[in-house]
2 protein chains.
Amino acid sequence: MNTDYFNRRKTIRHYSDAEISDSTLSALLAKAAQAPTLGGMQLYSVIVTRDMEMKKKLAPCHFNQPMITNAPVVLTFCADFNRFNKWCTVSNAEPCYENFQSFIGAMLDVTIFAQQFNTIAEMEGLGCCYIGTTTYNAPEIAKVLSLPKMVIPIATLTVGYPENYEKEPKAERLPLEAIVHNECYNDYSAHSVRALYAEKETLDINKKYVAENGKQSLAQVFTDIRYNRQNNEYFSQVFFDFIASQGFKCPF
Amino acid sequence: MNTDYFNRRKTIRHYSDAEISDSTLSALLAKAAQAPTLGGMQLYSVIVTRDMEMKKKLAPCHFNQPMITNAPVVLTFCADFNRFNKWCTVSNAEPCYENFQSFIGAMLDVTIFAQQFNTIAEMEGLGCCYIGTTTYNAPEIAKVLSLPKMVIPIATLTVGYPENYEKEPKAERLPLEAIVHNECYNDYSAHSVRALYAEKETLDINKKYVAENGKQSLAQVFTDIRYNRQNNEYFSQVFFDFIASQGFKCPF
C-alpha cells in the first residue's frame with residue numbers, strides 16, 4: 001500500500017458542525033482495536049464524550065483549550081486494568097497488577113490504541129488533535145468520567161470533520177538524523193545539537209513565538225512558559241500520587 | 001482513504017532473509033516522524049540494530065525471544081529528553097525536565113512514534129512485532145545501546161519481510177462494547193465481564209494454553225505464568241529505580 005499520505009498528515013484543531021455518526025465512530029474504534037496489544041490483553045478503555053454538559057465539565061481539566069467544547073467528539077483513552085482484574089476474579093485467578101510495571105504496560109497499550117485510532121480517523125477524512133494535558137489533571141478527569149480504581153486517563157483526542165483542512169498548519173519536524181542512531185546512541189555535541197535545531201529556529205512561526213513572549217530563544221519559550229519547572233514538578237507529584245491512589249503502587 | 005486494511009492487520013513473528021535497505025528504513029522512519037508529537041518536541045530517539053553481535057547482546061535483555069536475532073532490523077524506541085535538554089542548554093534556557101511528568105510525556109511521545117512506524121511499515125509490506133520486555137530489562141538495554149541520562153528504552157519492534165504472511169495467526173479481540181464507554185465509565189459486573197471474555201475463552205488456541213500449562217482458566221495463564229506477581233513486582237522496582245537514576249525523579 002502507498003504510504004505517502006503519512007508525509008502530508010497534520011493535526012486538525014478546528015472542526016465543522018458535522019456530527020460523527022455512532023456507526024462511523026464504532027467502525028473506526030473497531031479497526032483501531034486491531035492494533036498490537038500487550039499479550040493480547042487490551043489493557044485500555046475509551047470514554048466517548050458527545051454531551052455538551054460533559055464537555056463543559058472536561059474543559060477546565062484541559063485548561064479550557066477550545067477544542068474540547070468545539071469538537072463533536074472527545075475521546076479519553078484510559079489505561080485500564082479494572083476490566084482485566086474483574087475477569088481474573090471471576091476466573092479463579094488472583095490479579096497481581098497493582099504495581100508500576102503493570103501501569104507502564106497498560107499505558108503503552110492504550111497509547112498504541114489511541115494512535116491507531118488517530119491514524120485511521122485521519123485517513124477517513126476526520127481531523128484529530130491530542131490534548132496534552134490529560135496526565136496533568138488526571139484526578140479531575142477521573143471524577144468527571146467516573147473512572148474506577150485501576151483506570152488512568154492517559155491521552156485525549158478531539159475528533160471532528162475539518163473546518164478548513166488547507167488552513168491548518170503543517171508542523172515542522174527535526175531532520176531525520178536528529179532522532180535515528182545506528183547500533184549505539186550517538187550523543188550530541190553543542191555544535192551538532194545547534195545544527196539539528198537550526199532550521200526549526202529560523203521558521204517565522206517560531207520567531208513569532210519568541211518575540212511575542214519576549215524571550216531570547218525558542219528553547220526559552222518551552223522552559224519558561226509552555227513546559228515550565230513549576231508545572232512540571234507540581235503535576236509530577238499530582239500524577240504520581242494519583243496512579244498510586246488508583247492502585248498502581250511503587251515503590252512497595 | 002480506505003482503511004479496511006486495519007481490520008486485517010496482524011503481528012509478524014517470522015521473517016524471510018530479505019534485508020531492509022537503509023533508504024527504505026529511512027523513508028519509513030521519516031514518515032513516522034510526522035506523527036503527532038507533544039508540543040512539537042519530538043521527545044524520542046530510535047536505535048537501529050542490524051549488527052548480529054549487537055542483536056546477540058540485546059537478546060538476553062528480551063529473555064532470548066527468537067525474533068531479536070532472526071529479524072533483519074531491531075528498533076529500540078526510547079523516550080529522550082537528552083537531546084531537548086542539550087538544545088535548551090545551548091539556547092540559554094534552563095531545562096526543567098528531571099521529573100515524572102516529563103518522563104510520562106516523553107513515553108507517550110515515543111509510543112505514538114513507534115506505533116506510527118509499525119503501521120507504515122506494515123502497510124508497505126513489512127512485518128513487525130512489539131517485544132513487550134523492553135521496560136523489564138531497561139537498565140541492561142541502556143548499557144548495550146549506550147543510552148545516556150534522560151533516555152529510557154520504552155518499546156522494541158522487530159522488523160522484516162514476512163516469511164509466510166498467511167501462516168501468521170490473526171489475534172482475537174474483545175467485542176467493541178468491552179472497551180467503549182459512553183459519557184461515563186460503565187463498570188463491569190461479574191456477569192458482564194464473563195460475557196465479554198466468553199468468546200476469547202472458547203478459542204482453540206486459548207484452550208490449548210490452559211491445557212498445556214495445567215491451569216483451570218485462561219486468566220490463570222496470565223496471573224500465574226505470563227504476567228505473574230513475582231515478575232511484575234520485581235521489574236516494577238527495577239524500572240522505577242532506573243528512570244530515577246536516569247534523571248526522571250519522583251517524588252521529590
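Side chains are part of it too, since the values below use all heavy atoms of this structure and drop only hydrogens, waters and symmetry mates.
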To the nearest 0.5 Å, what is the distance between CG on A/Asn228 and CD on B/Glu94? 11.5 Å
With B/Phe81, which of B/Trp87, B/Tyr44, B/Tyr97 fulfils ring-ring contact (aromatic ring centres under 6.0 Å, His included)? B/Tyr97
Residues B/Glu122 and B/Tyr5: side-chain donor-acceptor under 3.5 angstrom: yes
Interchain contact, A/Ala35 with chain B, by part (heavy-atom threshold 4.5 Å): both
Part of B/Leu28 lying under 4.5 Å from any heavy atom of chain A: neither
With chain B, which of A/Glu201, A/Lys10, A/Lys200, A/Lys215 has the greatest number of heavy-atom pairs at distances under 4.5 Å? A/Glu201
Top contributor to chain A interface from B/Arg8, B/Met1, B/Arg83, B/Lys31 [non-hydrogen pairs under 4.5 Å]: B/Arg83
By a 4.5 Å heavy-atom criterion (distance strictly below it), what part of A/Tyr130 contacts chain B: side chain, backbone, both, or neither? side chain
Does any backbone or side-chain atom of A/Phe248 lie under 4.5 Å from a heavy atom of chain B? Answer side chain, backbone, both or neither. neither
What part of A/Ile131 gets closer than 4.5 Å to chain B, counting heavy atoms only: side chain, backbone, both or neither? neither
Closest-packed option against chain B by number of heavy-atom pairs under 4.5 Å, given A/Tyr227, A/Tyr197, A/Phe235: A/Tyr197
Contact class of A/Thr37 relative to chain B, heavy atoms under 4.5 angstrom: both
Option that, when pairs with chain A are counted at under 4.5 Å, heavy atom only, ranks first among B/Ser217, B/Cys88, B/Ala33, B/Pro36: B/Pro36
Here the gap from B/Thr223 atom OG1 to B/Arg229 atom CZ, rounded to the nearest 0.5 Å, amounts to 9.5 Å
For chain B, the option from A/Thr11, A/Leu25, A/Thr135 that forms the most heavy-atom pairs under 4.5 Å: A/Thr135
Among B/Gln116, B/Glu124, B/Glu183, B/Met123, which residue has the highest count of heavy-atom pairs closer than 4.5 Å to chain A? B/Glu183
Per-residue tally against chain B (heavy atom, under 4.5 Å) across A/Asn92, A/Leu174, A/Thr49 peaks at A/Leu174
Taking side chain as everything from C-beta outward and backbone as N, CA, C, O, which of these in A/Phe113 sits under 4.5 Å from a heavy atom of chain B? Side chain, backbone, both or neither. side chain
Distance in Å, B/Asn231 CG paired with B/Arg226 CZ, rounded so as to fall on 0.5 Å steps: 12.5 Å
Turns out that what part of A/Pro95 lies under 4.5 Å from chain B's heavy atoms comes down to backbone
No-hydrogen, no-angle side-chain donor-acceptor test under 3.5 Å, A/Thr119 and B/Thr119: no
Please classify the contact between B/Ile154 and chain A as side chain, backbone, both or neither, with a heavy-atom cut-off of under 4.5 Å. both
Between A/Phe100 and A/Phe240, is the ring centroid distance below 6.0 Å? no
Between chain A and each of B/Asp224, B/Leu38, B/Val144, count heavy-atom pairs under 4.5 Å; write down the option with the most. B/Leu38
Check whether A/Ala178 gets within reach of chain B through its side chain, its backbone, both or neither, counting any heavy atom under 4.5 Å. both
Do NZ/NE/NH1/NH2 and the carboxylate oxygens of B/Lys149 and B/Glu98 come within less than 4.0 Å? no
What I want to find out is whether A/Asp4 reaches A/Arg9 closely enough, with some N-O distance under 4.0 Å, to be called a salt bridge. no
pair B/Leu58-B/Lys55: side-chain heavy atoms closer than 4.5 Å: no
Is B/Glu233 paired with A/Lys249 through a side-chain N to carboxylate O contact shorter than 4.0 Å? no
Answer yes if the ring centres of A/Phe222 and B/Phe84 are under 6.0 angstrom apart, and no otherwise. yes
Bottom line for A/Ala155: the part with an atom under 4.5 Å from chain B's heavy atoms is side chain
To the closest 0.5 Å, what do you measure between CD1 (A/Ile47) and CD1 (A/Ile141)? 11.0 Å
Greatest number of non-hydrogen atom pairs under 4.5 angstrom with chain A, of B/Gln220, B/Arg173, B/Gln216, falls to B/Arg173
Please rank A/Leu29, A/Asn2, A/Asn82 by heavy-atom pairs under 4.5 Å with chain B and give me the top one. A/Asn82
Between A/Thr76 and chain B, which part of the residue has a heavy atom less than 4.5 Å away: side chain, backbone, both or neither? neither
Run the salt-bridge test on A/Asp80 and A/Lys86 with the 4.0 Å N-O cut-off and return the result as yes or no. no
Is any side-chain heavy atom of A/Phe6 closer than 4.5 Å to one of B/Gln34? no
Side-chain heavy-atom pair B/Val48, A/Val180 within 4.5 angstrom cut-off: yes
What part of B/Leu176 gets closer than 4.5 Å to chain A, counting heavy atoms only: side chain, backbone, both or neither? side chain
Looking at A/Ser26, A/Gly39, A/Ala27, which makes the most heavy-atom pairs under 4.5 Å with chain B? A/Gly39
Portion of B/Ser189 that has a non-hydrogen atom of chain A nearer than 4.5 angstrom: neither
May I ask you to name which of B/Cys129, B/Ser91, B/Gly40, B/Ala114 has the most heavy-atom pairs under 4.5 Å with chain A? B/Ser91
Side chain, backbone, both or neither of A/Val151 within contact of chain B (heavy atoms, under 4.5 Å): side chain
